[in-house]
2 protein chains.
Amino acid sequence: MTLDVERAGAPTLEEVARAAGVSRSTVSRVVNGSPNVTADVITAVTTAIDKLGYVPNRAARSLASRRTHAIALVIPENTAKFFADPYFASVIQGVAMHLASTDYTLSLLIASETESEKTRRYLQGGNVDGALILSHHSDDQAYVQLSRRMPVVFGGRPMSDDAYYVDVDNVAAARSATEYLVRRGKTRIATISGPHDMASGLDRLEGWRQALAAAGLPADLHEEGDFTPPSGEAAMRRLLARDEPFDGVFAASAQMASGALIALREAGLRVPEDVGIVSIDNDYFAQNALPPLTTVDQPSVRQGSTMADVLLRLIDGQDVPRTTIIPTSLVERASV
Amino acid sequence: MTLDVERAGAPTLEEVARAAGVSRSTVSRVVNGSPNVTADVITAVTTAIDKLGYVPNRAARSLASRRTHAIALVIPENTAKFFADPYFASVIQGVAMHLASTDYTLSLLIASETESEKTRRYLQGGNVDGALILSHHSDDQAYVQLSRRMPVVFGGRPMSDDAYYVDVDNVAAARSATEYLVRRGKTRIATISGPHDMASGLDRLEGWRQALAAAGLPADLHEEGDFTPPSGEAAMRRLLARDEPFDGVFAASAQMASGALIALREAGLRVPEDVGIVSIDNDYFAQNALPPLTTVDQPSVRQGSTMADVLLRLIDGQDVPRTTIIPTSLVERASV
DNA sequence: TTGTAGGCGTTATCAC
DNA sequence: GTGATAACGCCTACAA
């Protein structure tokens, strides 16, 4: 009698069709929201679906439709080294949460350079409908090429022109941070920049330069870091070793600022009394530093969700601007 | 002549077969490493594969084989709030990197509670071969049930018995941290514990108790936090407000310890001179605190890769112990 | 060892 | 509006 009870696998579209007394095609139409279906039929099918607990088989669906409903989030391994950086965690979170409200799936790829071929094949092998590339390095070229074969969106401006990306305006962010220092009366403003092989590193340096130029101040006190706390500490030591007094510092990341704070303290310099410091990133480094850092907030969770949004539109064939800039804002705390 | 050039889609198994002059079955066998194939044939097929740049179509493969070669990493949304916690980023990284050396794919799910039904269906809908659940909360029940339908491995001991999980020995970690305080001559040792609805919170509290009991010391100075810096700061304030002097503190997380440091400093207490503090987590909070924290290192990247390893074995039908404990180690710095 | 044939669960193209 | 009927690309008995 109840042959259908205790079936092994999940119910199929075919079974739903039988239960609803319609054809498979019709069930498929209902499932995919086709406009040409009678209300009665929709009701019947929906009921059957609920009763049976039907869930479309993704594999079958993508085999037939040639779309996977999956996107990849690629994190080049050299970037993964910076995984500890809360920035990446936030972006990933943003992506995942945005996707949660769609029926797309997120496939996370840590792309080791030694197996880049494998990653490339995976991406081109029709496993995903599009890719998100999270990296600020100049070695993005391979991925830029990929964007000719499928929708690709970068997080952070890639070192290439014709690519879709969403980023904060790093130049403007750095400029506003530096301008804040100027407004507070600082006249000798140094910077601890990010690495020169990352667009964000370069852009923030440029913003610092612009602000100083506009204020008629010299822009010669510059040391490079790699965004991490230790590099910030080391850079500050080098700055101090120049024996060239300064009363303000723009650090390209809060992590570096927190490192710089250590070197400053060691040197017997007080913040903000002796030197004021402003940075970028409103993460817990900024929040928990001593003193808490005045910094430029770049909403990274939002960057992630925006990236996902842009990619999905691209996949959907919509017309999307190549560049999406996320606004930043200065948050004042006690370091200046 | 060259009909095959400029084809639209990716090459199929069928085309490889034709190019190699064998049947599709044989190509399939070669691709899947079947033992019963002649060396010559393998060579021929492999050559054809390389020449054509063939990549198996995942959808077709899983439709036919009923295996997806994908696993899910589920992060309950309440956990996602703690996303800023470097612990999670590390675990995710570990999982992703382990998977990179296999042909499994990682599907990252942020499971909002309001859509838990959706997540459940996704998991049960045959989209993945197994799932990793990252959570320390007691609301894991739903996922424990899931483990009856497919391989599931938890990160952190779930509040249930019959589940596979990989975790650090939180009791032992807390005990060794506390014992260290005892060895350093502290006689009045307080604790800032984690939340009581997380196994790790409870276990670390228990470890603290055990160490004190063994040393014949009272275990009454206890305040609860939620693993975040602010909660640690607040807990320390409450501890201080008790007006019950103490010379040692075991904080269940480095983040809370860093918060506690702030309250301690405000109260004019010096670390380590007046009170020694030990915590768990060797993250940058521990490394960059002032003073740097003596702490118990729990290798979270490794926990992630181990979780993936266990799950893959489970999927492979291997016999795996339900519990995998990752060793921890004490790293001495300047806070005691 | 290798080939044949049928099927995996959907979608898509047609007729009706 | 709805229903047959091919694909979609691969796996897997089973046969040879």
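All chains are named by letter (A, B, ...) in the order of the sequence lines, taking the proteins before the strands, and each is independently numbered beginning at 1.
Taking atom CZ of residue A:Arg67 and atom P of nucleotide C:dG9, one finds them 23 Å apart after rounding to whole Å. When the C1' atom of C:dG9 is taken as reference, atom CZ of A:Arg24 falls 9 Å away, rounded to whole Å. B:Asp40 places its CG atom 12 Å from the P atom of C:dT1, with the value rounded to the nearest Å. If you take CG of B:Leu13 and C1' of D:dC10, they are 6 Å apart, rounded to a whole angstrom. Rounded to whole Å, the distance from CZ on B:Arg58 to C1' on C:dC8 is 17 Å. In this structure, A:Arg29 atom CZ and D:dA4 atom C1' are separated by 11 Å, rounded to whole Å. To the nearest angstrom, P of D:dG9 lies 19 Å from NE2 of B:His69. Between A:Glu14 atom CD and C:dT10 atom P there is a gap of 10 Å when expressed in whole angstrom units.
Between the side chain of B:Ser34 and the backbone N or O of B:Val30 there is no donor-acceptor pair closer than 3.5 Å. Between the B:Thr47 side chain and the B:Thr43 main chain, a donor and an acceptor come within less than 3.5 Å of each other. At distances below 3.5 Å, at least one donor-acceptor pair connects side-chain atoms of B:Arg58 with backbone N or O atoms of B:His69. Proximity of a side-chain donor or acceptor of A:Asp129 to a complementary backbone N or O of A:Thr68 within less than 3.5 Å is detected. A donor-acceptor contact shorter than 3.5 Å is absent between the side chain of B:Thr38 and the backbone of B:Asp40.
Closest-nucleotide positions on DNA chain C for B:Val37 and B:Leu63 were compared, and the one nearer the 5' end corresponds to B:Val37.
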Go through the steps to decide whether A:Thr323 and A:Tyr164 satisfy the test side chain to side chain donor-acceptor pair (under 3.5 Å), and finish with yes or no. CA-CA 6 Å; A:Thr323 303; A:Tyr164 287 83; over 6 Å; no
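Checked against D:dA4, C:dC8, D:dC10, the side chain of B:Arg66 finds its nearest nucleotide in C:dC8. Distance from the side chain of A:Val41 is smallest to D:dT2 among C:dT10, D:dT2, C:dG3. Comparing C:dT10, D:dT12, D:dC10 against the side chain of B:Tyr54 picks out D:dC10 as the nearest. Listed nucleotides: C:dT11, C:dA12, D:dA13. Nearest to the side chain of A:Asn32: C:dT11.
If you check every strand for non-hydrogen atoms under 4.0 Å, B:Val22 touches sugar and phosphate atoms only.
Taking side-chain N and O atoms only, A:Thr38 has a distance below 4.0 Å to OP1 or OP2 of D:dT2. A:Thr12 has no side-chain polar atom (N or O) that falls below the 4.0 Å cut-off from OP1 or OP2 of C:dG9. Taking 4.0 angstrom as the limit, B:Ser28 places a side-chain polar atom (N or O) nearer than this to OP1 or OP2 of D:dC11. Taking side-chain N and O atoms only, B:Thr26 has no distance below 4.0 Å to OP1 or OP2 of C:dT2. Proximity of B:Asn36 to the phosphate of C:dT2: no side-chain N or O atom is located under 4.0 Å from OP1 or OP2. Between B:Arg61 and D:dC11, a side-chain N or O to OP1/OP2 separation shorter than 4.0 Å is present.
A:Ser65 contributes no side-chain N or O that forms a donor-acceptor pair with the base of C:dA12 under 3.5 Å.
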